[in-house]
Amino acid sequence: MSAFTRVILSCFLLAPLASAAQPAPGWEQAKKDVLADYGKQQPGDQVKDIRGPERQEGIAILIRYYGSASVERADKSRSEDRFWVEYRLFGTRWE
């Protein structure tokens with residue numbers, strides 16, 4: 001089988017999977033996920049503000065949002081945290 005035939009065959013096999021995939025999560029979903037992660041990892045801290053996306057990167061199977069958060073710690077100190085949220089396409093689902 002020639003290389004050209006393999007490429008054409010793989011396009012026909014992979015095209016239905018790409019069209020059946022869910023749309024990529026947006027910045028609003030990323031903000032919700034950041035808040036949930038802070039609540040789980042650091043329950044005494046309060047997120048005062050989330051800013052972003054400062055930058056967004058994406059390829060066919062990956063999307064990444066960069067942002068920052070103002071956080072008031074449990075001891076009442078404040079900090080500025082930088083973060084990124086990454087989603088990967090597994091089959092037809094973004095995780």
Side-chain angles (χ1 to χ4, degrees):
M1 184 181 288
S2 72
F4 179 73
T5 307
R6 285 186 207 153
V7 169
I8 297 298
L9 185 59
S10 65
C11 288
F12 282 114
L13 293 176
L14 296 177
L17 289 177
S19 65
Q22 298 173 352
W27 172 245
E28 292 302 317
Q29 181 62 43
K31 283 173 49 174
K32 290 177 189 175
D33 291 341
V34 167
L35 288 172
D37 191 55
Y38 268 104
K40 185 173 75 173
Q41 300 292 329
Q42 302 165 346
D45 297 352
Q46 284 188 335
V47 178
K48 297 295 185 182
D49 184 34
I50 294 181
R51 291 174 302 284
E54 295 168 3
R55 195 171 81 207
Q56 177 180 346
E57 297 174 347
I59 57 173
I61 60 169
L62 176 127
I63 190 162
R64 187 179 297 151
Y65 296 103
Y66 293 86
S68 58
S70 298
V71 180
E72 184 177 298
R73 304 287 177 202
D75 64 358
K76 301 299 179 197
S77 64
R78 293 180 181 255
S79 69
E80 291 289 320
D81 295 347
R82 298 182 59 81
F83 61 86
W84 78 83
V85 181
E86 182 175 286
Y87 298 99
R88 292 178 182 252
L89 183 61
F90 292 99
T92 59
R93 289 187 26 217
W94 289 92
E95 296 180 5

Residue list, side-chain hydrogen bond (donor to acceptor under 3.5 Å, both in side chains) with [X], at least two apart or on another chain:
X	result
Arg55	Glu57, Tyr66
Gln29	Asp33
Lys76	none
Arg88	Glu86

### Message
Checking Gln42 against Arg73: is there a side-chain donor and acceptor pair closer than 3.5 Å?
### Response
yes
### Query
In chain order, what residues pass the salt bridge (Lys or Arg N to Asp or Glu O under 4.0 Å) check against Arg82, with sequence neighbours excluded?
Glu54
### Query
Listed by chain and number, what are the salt bridge (Lys or Arg N to Asp or Glu O under 4.0 Å) partners of Asp75, not counting sequence neighbours?
none
### Query
Do Val85 and Val71 share a hydrophobic cluster (ILVMFWY, side-chain heavy atoms under 4.5 Å, transitive)?
yes
### Co-membership, hydrophobic cluster, residues Ile63 and Trp84, 4.5 Å side-chain
no
To the nearest 0.5 Å, what is the distance between [atom1] ([X]) and [atom2] ([Y])?
X	Y	atom1	atom2	value
Tyr87	Tyr65	OH	OH	7.5 Å
Arg78	Asp45	CZ	CG	12.0 Å
Tyr38	Gln46	OH	CD	13.0 Å

### Heavy-atom pair with the smallest gap, counting every atom of Trp94 and Gln22
NE1-O, 2.8 Å
### Task
Please report the closest heavy-atom contact between Ala69 and Val47, naming both atoms and the distance.
CB-CG1, 4.4 Å
#### Entry: pair Val34-Ile50: side-chain heavy atoms closer than 4.5 Å
yes
### Task
Could you tell me whether Leu35 atom CG has more than 12 heavy atoms of other residues or ligands within 6.0 Å of it?
yes
### side-chain contact (heavy atoms from CB on, under 4.5 Å) partners for Glu95, two or more places apart
Phe90, Arg93
### Task
Report the residues that fulfil side-chain contact (heavy atoms from CB on, under 4.5 Å) with Gln41, sequence neighbours left out, ordered by chain and then residue number.
Asp37
### Query
Should the pair Lys48-Glu80 be classified as a salt bridge under the 4.0 Å nitrogen-to-oxygen rule?
no
### Task
Output, in order, the C-alpha distance, side-chain angles, deciding distance and verdict of side chain to side chain contact (heavy atoms under 4.5 Å, CB included) for Ser77 and Glu72.
CA-CA 6 Å; Ser77 64; Glu72 184 177 298; over 6 Å; no
